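Each chain gets a letter, A, B and so on, in the order its sequence line appears, and its residues count up from 1. The structure presented is a predicted model; accordingly, all values stated were derived computationally and were not measured.
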2 protein chains.
Amino acid sequence: MPSEYRDASVISVPGRMSAPVSPATPPAVRVPFGASMRVLRCSVMPVILMKFVTMSMKLSRGVRMGQDTARQRLIEAGEELYAEAGVGRVRLRELNALAGVRNDSAVHYHFGSQDGLLEAILQTHLQEIGARVDKTTAALCTGRDGSPEALRDAIAALAIPFAEKLRDERGRRFIRIVAQVWGRIGDWQQQRFIPSSALAMDLIRRSARGGLPGAVLEERMWLITRFVVASFAARAERQDAVVDGIALDAFVYDVVGMATAAYFAEPPEGGFWPARWPAIREG
Amino acid sequence: MPSEYRDASVISVPGRMSAPVSPATPPAVRVPFGASMRVLRCSVMPVILMKFVTMSMKLSRGVRMGQDTARQRLIEAGEELYAEAGVGRVRLRELNALAGVRNDSAVHYHFGSQDGLLEAILQTHLQEIGARVDKTTAALCTGRDGSPEALRDAIAALAIPFAEKLRDERGRRFIRIVAQVWGRIGDWQQQRFIPSSALAMDLIRRSARGGLPGAVLEERMWLITRFVVASFAARAERQDAVVDGIALDAFVYDVVGMATAAYFAEPPEGGFWPARWPAIREG
């Protein structure tokens, strides 16, 4: 997904310098010096002053941010665009514009490609999550197994460090990105960034409903893990709206509870298909 | 998402008339009249004859397919490209190429935009699913409620018509598309195309674990429905690989079983958060 393309209609990249549609002419003298360009552009302020303001803003931004933070600014721009427009739908020039990077090859220089940028975004957050999972598994996954309670604690040990990301905007963007690419990184992230998750996954295997056929257990682990990540992403997407009046901890508890219950569902065994259900067979 | 763009590296559109790389010169006289252009293009057949063959093939294709099927060919090309490259990542010219449509404005003419094409794809399948849901709800959702069994049957009444799509390639593509846009069409499809689903949803509401707070129940319906659709899409994506040795009916039964169990999970009520779990609060 090293795409240069993005559907311009899906999101509107904040055009920081774009002229407003409205022909409003607010009193220029009352606009403070640090006011946004949006206001300045529709003011009656002379063009020569506008140019000076633009130039001085660019200069002060250059000093404030520094060239050495271009990498960090690209990471944060990538988080915003990949979360909102979608991975594979973002153009290089939009990344550069949002990051305030003037060098067109900055992504290539710092990350090799947009794939490299995506991996850097994932790494940034997954390493932090990995450190948290070390602690939660140590606290919740030791010395017990084989019970619904142990299963729920093991799921919580993996889920809570991801859920903690839902508390701030950058974390919510990460969750929305990780949900998009989960199929590609599922194993990858666990092995590379969260070694301790193997402990929790093993505890889940040993604590799920007894007698589940191996293939059914592995399928459930795959689908239920996706369910947890997708549910967190669904909440991250609705963060700006009212989140249905459910507090974050109640939401996380409920998702962990649903995941736990799913592991104990009755498995498909001999004569499992109810006679009243319409038959369904592979084509 | 009326995108004109798609990452050309994600999939390669079959170039139906492209010349072969090999300079092979098969004996032209043995090439049957109806042989593919691929063979004819590298033969020693005189250019004048090639032009005649090309023209007659175009004519016969025009008669066989007819201009009135361009719409259908665009629908099937959209199914393939949206499923594999992703909605919002497909360019008009790739749709036209795959559909064998020579008029660049065909999508505009038949559907208004790529959004219109997407809606036509969804309509095609959802209307068929709606007719099936009428039957499954009539068979599975009448005269009973308030039990785990009734809940499972109601979920099956909604899930099985979608699962039936997993039996053929076009259906699997539809499922992969519908999973991508579910957040946008969730309510839309039920109200417009599957009126009978309201019956099943109402039965689910009345049969879920008693005493669930209203907001928690609605949140579960939203997340669990997504889980079922996403699980079907996960299987559709892996159809070409071995699907872990689980037959389609066993898979569907297991997903319905997990969804049913999730509705009966212990809800978050007073003092629900286990003391040993790290606290997590809204940022």
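- Annotation: side chain of B:Trp277 is not in contact with side chain of A:Val252 (no heavy-atom distance under 4.5 Å).
- Contact detail for A:Ile280 and B:Glu164: the closest heavy-atom pair is CD1-N, 3.5 Å.
- Neither the backbone nor the side chain of B:Phe264 comes within contact range of chain A; no heavy atoms are under 4.5 Å apart.
- The side chain to side chain donor-acceptor pair (under 3.5 Å) test applied to B:Glu269 returns no partner, not counting sequence neighbours.
- With chain A as the partner, the residue from B:Ala265, B:Ala250, B:Pro274 showing the most heavy-atom pairs under 4.5 Å is B:Ala250.
- Checked against ring pair (Phe, Tyr, Trp, His ring centres under 6.0 Å), B:Phe232 has no partners two or more places apart in sequence or in another chain.
- Among A:Val256, A:Val216, A:Val255, A:Leu223, the residue with the largest count of heavy-atom pairs under 4.5 Å with chain B is A:Leu223.
- The aromatic rings of B:Trp273 and A:Tyr253 sit tilted, their planes meeting at an angle between 30° and 60°.
- Interface check for chain A: of the options B:Gly257, B:Ala259, B:Ser231, the most heavy-atom pairs under 4.5 Å are formed by B:Ser231.
- Ranked by heavy-atom pairs under 4.5 Å with chain A, the first of B:Gln180, B:Glu218, B:Glu266 is B:Glu266.
- Closest approach of B:Arg276 to A:Asp153, counting heavy atoms only: NE-OD2, 2.5 Å.
- No side-chain heavy atom of A:Phe272 sits under 4.5 Å from any side-chain heavy atom of B:Asp254.
- Summarising the geometry of B:Ala262 relative to A:Met258, their closest heavy-atom pair is O-CG, 3.5 Å, with the distance given to 0.1 Å.
- Residues A:Pro278 and B:Lys135 fail the side-chain proximity criterion, which asks for heavy atoms closer than 4.5 Å.
- Only the side chain of A:Arg132 comes within less than 4.5 Å of a heavy atom in chain B; its backbone stays farther off.
- Interface remark: A:Thr136 contributes side-chain atoms only to the contact with chain B (heavy atom separation under 4.5 Å).
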